Structures are given as C-alpha cells and as structure tokens.
Amino acid sequence: MTITESKLYDRLLYSFMGIRLIIYTFFFIMNLFQTIFEVKNITNKKKETRFFVFLSLTLFCVLRAIQTAFFYSNPNLGMGTLNFFFFTLGSAMIFVEWTFIVQFWILIMYSLFVADDIGQFRTKPIRIMTYFFVSVVIVYQIIVSSITLEKDIETVDTVGFIILLIIFVSIIVFNGFVLIKHLKIHRKVTPMKHFDLMIFKTKILLTTIILVFVFIIIQEIVFNMYYTDTYETSKQYLKLFVTGIIEFSQMVSVMLVLSNGHWSSYVLLNKAKINSESTTSSSDKIEKKPSKEFGFSGNTLSMGESVDC
C-alpha cells in the first residue's frame, strides 16, 4: 500500500519526515538549553521575556517533533488524528512566543517614553494582559484540538484561525511600528549608541511577522479553501512542507535576534549573549528629565529598571 501516488514519492516522504524529526529535535535541544540558562530570570519581572520566548520555542519544537513521530503510525495528517492535535498545539506556541515579543516592545515604550508620575506599577497591567492572552490562547487551542479528535470542524477551525491571526498580527505590527517611530525620534535627541541596533532588530521581527502572515494566509486560501480535499490526498504533505518552511523561518529569525546573530552559541549549547558589552559607558546615559536618567546597553533599558530580550 502506498501513501502517495508512487513508491518513489513514499520514500521521499519518509525521508522528509525523518529529516523534519531530526531538525525539530535538534532545535528542541538548543532552545531547551537556552530556557534552562534563563530560568534564573523567572522571578525577575524585568528580565522574563527571554525565558518565555525560549520556553515557547522549546515547546513548539517538541510538539512538532511529536506530531512528526505520529506520522509513522498514522500517515494521515487531517483533523481527528493525533498528528493534527499536536500540530495545532504547536501552532499555539508560536502565538505565545510572539505575545511575549510584543510585551517586550510595549515595556520598552513605557521605560523610555512614559513619565514617572504614572507610578511604579505602570507595567503591571501589561504583564497581566500578556498572561491573560497567553492563557486564553492555550485554553482555546486545547479545547478546539480536543474537539477535532471527535468532530470534523475544519471550516470553523480555519475561519477562527484566520480571524485570530489577523487580529494578532495587526497588534504586533501596530506596536512594532509605534516603537520604531518613537525610537527614531528619541535617537535624534540622545547620544545613546545602540538605538540603531534596536531599530534594526525590531525591523527584522516586523518583516518576519508580516511575511509569515502573508504566506500563511495564501497557504490557508490555497490548501483549505481552494483545494477542499487537501487532507484526503497527498496535498496534505505539500501543505506540511510549506508550513514547515514558514514556521522554521520565523523561529530562526527570532533566535538570531535573541543572540545578536551569534548562531554558534546555540550550536555549542552556550548561553546566547544579549550584547558583548557588560557595562554601559557614560556616553550611553542621557537625561530626559531632571528626575529621570536612562541607560541602554544592547537591549537593556534602565530607568531604575531593565528590560532584557
């Protein structure tokens, strides 16, 4: 019995799934080590972003690896299978990952541009909303994924996913562009050296999420709306391949930004450094108001506090 149209394609498919399993396992290990390195920041509300992003990437990789492993017992990737169940849970981790990236951007804007009279708890509502949204996404996806094991709700799932994706990406893009705008304005009146790097990183992440959004929407239209028989034919494996390229690209982009482009840190299982500089020189300090002094080193902002990513 062949899975695709020929034994040759079957062999190629098995090879592809094997390579996919190895790659996601390898990236799971790399991100797991980074998550462990960042464990110390769990209780530090000012430096928690990196931990949660790496944790999201770790869970994403392990869920993708599990989903790929189930292929060998059941090659059907469609709704109602454990393949689809773990696939959707893995997709939820991407939402979680980018939620914490947006949280970081918003915290930067508060640290740089919001007056002291807002109070010491000015960032608390941001964190509460972040955890609330993450909880909603995870619970929603677990419920929907569980339902798909018993019922075929492909249309509802596709429409719901697209709506959530549009809202989510709109929030990311809006906050990203606002951050870049304010950083450019602030750069003109301050001697802080690392604004260019921060703007560059934000642009990379913005470009990544916009391209991911465009390609995901195209993929959903082609494989879920135009071809309604995707999961009944070998097109399901083509969709998996396309999805894998999109997801893998965004993961690599985020990992490179988190390590300042030093990929060797991941491969050697060393801690990915934020910046080679451990201190902030006097030329990196400016005074926005008589009562407020800012310092920035790499991705560390201080106003009596720091936000690291």
Side-chain angles (χ1 to χ4, degrees), residues 12-13 16-17 19-21 23-24 27-28 31 53 56-57 59-61 63-65 67-68 71 77-79 83-84 86-102 105 133 137 140-141 144-145 148 154-177 180 200-258 261 263:
L12 291 173
L13 177 60
F16 161 67
M17 297 303 280
I19 294 172
R20 175 184 168 90
L21 180 59
I23 290 175
Y24 276 118
F27 273 81
F28 160 71
N31 283 294
V53 171
S56 301
L57 290 172
L59 293 175
F60 164 73
C61 289
L63 288 168
R64 281 292 182 264
Q67 176 252 327
T68 304
F71 162 82
L77 307 179
M79 195 166 289
N83 287 313
F84 190 84
F86 284 103
F87 179 84
T88 54
L89 290 182
S91 298
M93 291 303 104
I94 298 178
F95 281 95
V96 174
E97 164 199 344
W98 283 90
T99 298
F100 282 104
I101 291 174
V102 172
W105 287 347
F133 182 80
V137 168
Y140 166 80
Q141 198 58 65
V144 171
S145 299
T148 61
E154 184 174 347
T155 301
V156 175
D157 182 64
T158 300
V159 173
F161 173 76
I162 291 177
I163 292 175
L164 176 63
L165 185 65
I166 292 174
I167 295 173
F168 188 70
V169 173
S170 297
I171 294 173
I172 295 175
V173 172
F174 172 77
N175 282 283
F177 276 114
I180 290 175
F200 177 67
K201 285 184 174 183
T202 305
K203 286 181 177 180
I204 289 177
L205 292 174
L206 268 178
T207 302
T208 298
I209 197 61
I210 290 173
L211 290 176
V212 166
F213 172 74
V214 171
F215 286 119
I216 286 293
I217 291 297
I218 294 174
Q219 174 210 254
E220 290 294 317
I221 292 174
V222 172
F223 289 107
N224 286 8
M225 296 181 180
Y226 184 78
Y227 292 113
T228 57
D229 62 343
T230 294
Y231 288 108
E232 299 171 5
T233 67
S234 57
K235 294 187 190 74
Q236 61 185 311
Y237 307 116
L238 178 58
K239 179 184 178 182
L240 183 68
F241 176 74
V242 173
T243 303
I245 292 177
I246 297 171
E247 295 174 340
F248 188 78
S249 298
Q250 68 83 29
M251 176 174 63
V252 170
S253 177
V254 171
M255 290 175 68
L256 286 174
V257 167
L258 287 172
W263 189 254

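Predicted, not measured: the structure shown is a model, and the values here were computed from it.
- In this structure the side chain of F27 never reaches within 4.5 angstrom of the side chain of L57, judged on heavy atoms.
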Trace of the ring-ring contact (aromatic ring centres under 6.0 Å, His included) decision for F133 with W98
CA-CA 11 Å; F133 182 80; W98 283 90; over 10 Å; no

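- Summarising the geometry of G78 relative to Q236, their closest heavy-atom pair is N-OE1, 3.9 Å, with the distance given to 0.1 Å.
- Every residue was checked against the side chain to side chain donor-acceptor pair (under 3.5 Å) condition with W105, not counting sequence neighbours, and none meets it.
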For residues 159-171, which side-chain donor-acceptor pairs fall under 3.5 Å, sequence neighbours excluded?
{"unit_1": "S170", "atom_1": "OG", "unit_2": "I166", "atom_2": "O", "d": "2.6"}

Please output the side-chain donor-acceptor pairs of residues 203-211 that fall under 3.5 Å, not counting sequence neighbours, one pair per line with the distance.
{"unit_1": "T207", "atom_1": "OG1", "unit_2": "K203", "atom_2": "O", "d": "2.8"}
{"unit_1": "T208", "atom_1": "OG1", "unit_2": "I204", "atom_2": "O", "d": "2.8"}
{"unit_1": "T208", "atom_1": "OG1", "unit_2": "S253", "atom_2": "OG", "d": "2.7"}

Compile the donor-acceptor pairs under 3.5 Å between side chains in residues 213-221 and protein atoms, sequence neighbours left out, one pair per line.
{"unit_1": "Q219", "atom_1": "OE1", "unit_2": "T243", "atom_2": "OG1", "d": "2.2"}
{"unit_1": "E220", "atom_1": "OE1", "unit_2": "N224", "atom_2": "ND2", "d": "2.8"}

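- Taken from CG in L240 to NZ in K235, the straight-line distance is 15.5 Å, to the nearest 0.5 Å.
- With sequence neighbours left out, E247 forms a salt bridge (Lys or Arg N to Asp or Glu O under 4.0 Å) with R64.
- Between E97 and F60, the closest side-chain pair of non-hydrogen atoms is not below 4.5 Å.
- The side chain to side chain donor-acceptor pair (under 3.5 Å) test applied to Q141 returns S145, not counting sequence neighbours.
- Checked against the 6.0 Å centroid criterion, the rings of F16 and Y237 do not qualify as a close aromatic pair.
- Within the 4.5 Å cutoff, the side chain of Q67 has heavy atoms near those of the L77 side chain.
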